[in-house]
Amino acid sequence: MRLSRFHLVTVKESPGDAEIVSHQLMLRTGMIRKLAAGIYTWSPIGLRVLRKVEQVVREEMDRAGALELLMPAVQPRELWEETGRWEKFGGQLLKIKDRKEADYCFGPTHEEVITDFARQELQSYKQLPVNFYQIQWKFRDEIRPRFGVMRAREFLMKDSYSFHVTVEDMAREYRNMYDTYARIFTRLGLSFRAVQADSGAIGGNVSHEFHVLAESGEDAIAFSTGSEYAANVELAEAVAPATPRPAPGAALATVDTPGQKTIEDVSKFLGVPATQTVKTLIVQGRDEGSLVALVLRGDHELNEVKASKLAELPGAATFAPEGAIVAAIGCTPGSIGPAGLPAAIPVIVDRAAAVLADFVAGANVEGKHLTGINWERDARITRVADLRKVVEGDASPDGKGTLRIGRGIEVGHVFQLGQKYAEAMQATVLDETGKARTPYMGCYGVGVSRIVAAAIEQNFDGNGIIWPEPMAPWRIAVCVINPKNDEAVRKAAEELHDELQRRGVEVVLDDRGLRPGVMFADIELIGVPHRVVVSARGMEAGTLEYRARRATEAENISREALFAKLGV
RNA sequence: CGGGGCGUAGCUCAGCCUGGUAGAGCGCUACCUUCGGGAGGUAGAAGUCGCAGGUUCAACUCCUGUCGCCCCGACCA
């Protein structure tokens with residue numbers, strides 16, 4: 001490729017509304033241009049990168065035995081009525097009408113269409129298992145699209161759907177896809193983690209998300225230093241402390257703590273570490289007007305997802321209004337503690353708080369706290385539960401290593417769907433006894449366009465993008481110094497470009513004749529992994545100047561050494 | 001959906017408070033000089049100031065409405 005014939009438009013300044021580095025760099029390199037909120041044009045250079053990702057995904061899916069097909073982007077309402085999702089999908093579903101006023105939507109996902117395809121195509125168990133995939137543009141009318149193609153409304157996705165006679169076979173394919181995804185992200189040169197995800201409304205089903213690790217990630221994930229364990233922070237289990245609760249050593253005593261409301265205030269005032277205190281949160285119980293006390297160690301935070309799943313709560317953790325607390329307990333939230341709570345209030349204690357002895361908490365009297373509190377002796381425990389958010393340094397739930405908290409960008413999701421869609425849409429196959437059976441399904445998604453942004457978040461420096469080689473628009477750039485004034489140099493560069501191309505290297509020749517500084521800045525900005533400079537100076541010495549994108553210094557090498565570096 | 005902000009040249013922005021008929025830098029075009037890390041000069045093209053009303057002798061500027069975009073939150077997964 002000759003850059004003089006390519007459309008490359010770069011800019012020095014990035015638009016003020018681009019917040020994260022991938023968005024800024026994709027705009028500065030001209031990879032994408034916004035048409036409307038969350039809707040982008042992919043320019044020739046952007047598309048080159050997108051196609052690279054797409055190709056890796058396609059190769060690995062093919063290798064895993066999946067079959068590519070292509071489903072319509074526009075889907076009729078009737079299909080969505082069958083699964084109830086025309087209404088349930090909510091505002092993310094972009095609904096459109098045709099000239100006859102008939103309802104359609106622009107596909108945000110394709111469970112309905114594939115299940116419709118399956119019920120027509122699949123008649124016999126002999127056709128199973130089968131895994132269909134497509135790489136296609138989806139549209140989800142996000143409430144707040146942001147960060148460029150990271151969270152766009154229109155985005156390129158690889159989605160696949162597998163069909164199985166048995167649950168066991170569904171699980172086998174799930175594992176196959178899990179491994180395939182790991183291969184895809186490894187090949188793309190990304191640092192990632194497979195993370196346990198919420199099984200959601202369909203209980204018991206298994207689900208994993210694949211996250212690219214990056215500071216700017218929208219999801220917090222907890223992962224073990226000593227094993228493969230990783231989970232969404234909301235789901236990560238905080239295991240019970242290994243050490244048992246010590247025996248009581250101190251007598252219960254009341255102390256005046258005027259105006260000391262927060263744990264920080266109280267621990268500073270009394271000179272007691274926050275880890276020796278507990279906080280008591282009063283939330284609304286399942287029955288109208290009832291209250292429940294949730295007790296956590298002073299330095300821990302409530303995990304609302306875990307709390308909302310407690311049987312004593314109405315399905316959500318909602319703090320009780322102050323008035324109700326004063327009426328039931330006799331003091332405001334700053335002075336509440338587990339000792340001496342009314343018998344009607346269940347006391348659910350977090351695992352870490354339950355092993356404390358001689359601890360400090362509110363006295364349930366305004367402006368007073370108790371010291372030397374001990375469970376059973378001074379305060380009742382209705383039951384112990386996992387209530388808190390995990391923190392850095394917690395033991396990993398699988399017993400290996402400790403947890404670290406990081407941020408991730410979700411680029412893949414694998415899910416065992418079970419029979420939900422096949423049942424709703426009456427898809428069946430005949431088994432070996434001639435009986436109709438409802439197949440089990442799995443579904444698996446990869447955010448192809450999001451991967452491009454995620455890769456940049458993980459690979460950039462002050463000069464621009466540093467593409468992992470498999471995603472780079474070109475593998476090497478041949479830069480010519482002063483091609484206009486020096487015919488011999490220009491010819492030599494073209495010859496080198498042609499030779500690299502003959503050897504199967506994706507090469508771009510920067511023959512635009514720009515000043516060297518501008519040319520180098522552009523080539524670095526667009527993240528080409530290798531660069532070689534052809535100049536009069538080099539020709540005299542009989543060497544080429546080579547520099548890897550991540551290197552700080554260039555080196556003078558022979559033509560053969562260059563080919564060796566590229567492995568050609 | 002609630003709160004906040006912004007729409008002025010291809011891009012980044014100033015001008016608006018205090019009304020008098022539009023500017024800078026970058027980019028773009030031509031020419032000259034320059035030519036190994038975002039060169040210098042000369043000349044030039046380019047904006048119905050998001051849109052629609054209103055106030056006024058006069059509106060980019062003030063008022064009302066509207067559309068678009070961005071941020072925070074809630075919502076959704």
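Order of the sequence lines fixes the chain letters, A, B, ..., with proteins taken first and strands second; residue numbering starts at 1 for each chain.
Rounding to whole angstrom units, CE of residue A:M150 and C1' of B:C71 are separated by 17 Å. Distance CZ (A:R151) to P (B:C76): 13 Å, rounded to an integer number of Å. Taking atom CD of A:E87 as the reference point, atom C1' of B:C76 lies 16 Å away to the nearest angstrom. As rounded to whole Å, 14 Å separates atom C1' of B:C70 from atom CD1 of A:I20. Distance NE2 (A:H23) to P (B:C71): 8 Å, rounded to an integer number of Å. Taking atom CZ on A:R153 and atom C1' on B:A77, their separation rounds to 18 Å, with Å as the unit.
B:G4 sits 25 Å from B:C51 when the P atoms are compared, rounded to a whole Å. Here, B:U48 and B:U61 have their P atoms 16 Å apart, quoted to the whole Å. Rounded to a whole angstrom, the distance from the P atom of B:C31 to that of B:C11 is 27 Å. When the C1' atom is used for both B:G25 and B:C32, the distance is 23 Å, rounded to whole Å. When the C1' atom is compared between B:G3 and B:G50, the two are found 23 Å apart, to the nearest whole Å. B:U29 and B:C67 have their P atoms separated by 40 Å, with the value rounded to a whole Å. Comparing B:C62 with B:C49, their C1' atoms are spaced 16 Å from each other, to the whole Å. The separation of B:G38 from B:U21, taken at their C1' atoms, amounts to 38 Å, rounded to a whole angstrom.
Of the two residues near RNA chain B, A:I143 and A:R547, the one whose nearest nucleotide lies more 5' is A:R547. Where A:R515 and A:D522 meet RNA chain B, the nucleotide closest to each residue was compared, and A:R515 sits on the side nearer the 5' end.
Listed by chain and residue number, A:H164, A:Y444 satisfy the side chain to side chain donor-acceptor pair (under 3.5 Å) test with A:S162 (two or more places apart in sequence, or in another chain). Every residue meeting the side chain to side chain donor-acceptor pair (under 3.5 Å) condition with A:R490, not counting sequence neighbours, appears here in chain and number order: A:E487, A:E494.
Base pairing of B:G27: no nucleotide in any strand meets the Watson-Crick or G-U wobble criterion (both distances under 3.5 Å). Nucleotide B:U21 forms a pair with no other nucleotide shown, judged by Watson-Crick or G-U wobble geometry with both contacts under 3.5 Å. For B:G73, the paired nucleotide is B:C1, the pair qualifying as Watson-Crick or G-U wobble because both relevant distances are below 3.5 Å. Applying the Watson-Crick and G-U wobble criteria (two distances, each under 3.5 Å), B:A39 pairs with B:U33. Remark: B:G65 base-pairs with B:C51. Criterion, Watson-Crick or G-U wobble with two distances under 3.5 Å.
Relative ring orientation between A:F210 and A:F192 is described as tilted, the plane-to-plane angle lying within the 30° to 60° band. In this pair, A:Y40 and A:H23 present their aromatic rings perpendicular. The plane angle is above 60°, beyond the 30 to 60° band.
Among the nucleotides B:G25, B:C35, B:C71, the one closest to the side chain of A:N482 is B:C35. Nearest nucleotide to the A:A36 side chain, out of B:C69, B:G37, B:U34: B:C69. Side-chain atoms of A:F520 lie closest to B:G37 of the nucleotides B:G37, B:C69, B:C71.
Under 4.0 angstrom from either OP1 or OP2 of B:C1 there lies no side-chain N or O belonging to A:R144. Close to B:G25, at under 4.0 Å from its OP1 or OP2, lies no side-chain N or O of A:K12.
A side-chain N or O of A:E173 and one of A:N131 form a donor-acceptor pair less than 3.5 Å apart. Looking only at atom types and distance, the side chain of A:N176 has no donor-acceptor partner in the side chain of A:Y174 under 3.5 Å away.
A:R537 comes within 4.0 angstrom of a nucleotide base, judged by non-hydrogen atoms across all strands. Within 4.0 Å (heavy atoms only), A:A521 reaches at least one base atom of the nucleic acid. Across all strands shown, A:V518 has heavy atoms under 4.0 Å from base atoms, whether or not it also approaches the sugar-phosphate. A:K484 comes within 4.0 angstrom of no nucleic acid atom, judged by non-hydrogen atoms across all strands. Using a 4.0 Å heavy-atom criterion, one finds that A:R531 contacts the bases of the nucleic acid, with or without backbone contacts as well. As judged by a 4.0 angstrom heavy-atom cut-off over every strand, A:R33 is placed among residues making no nucleic acid contact.
No hydrogens or angles were tested; on distance alone, a donor-acceptor pair under 3.5 Å links the side chain of A:E524 to the base of B:G37.
For A:H208 and A:Y178, the ring centers sit closer than 6.0 Å to each other.
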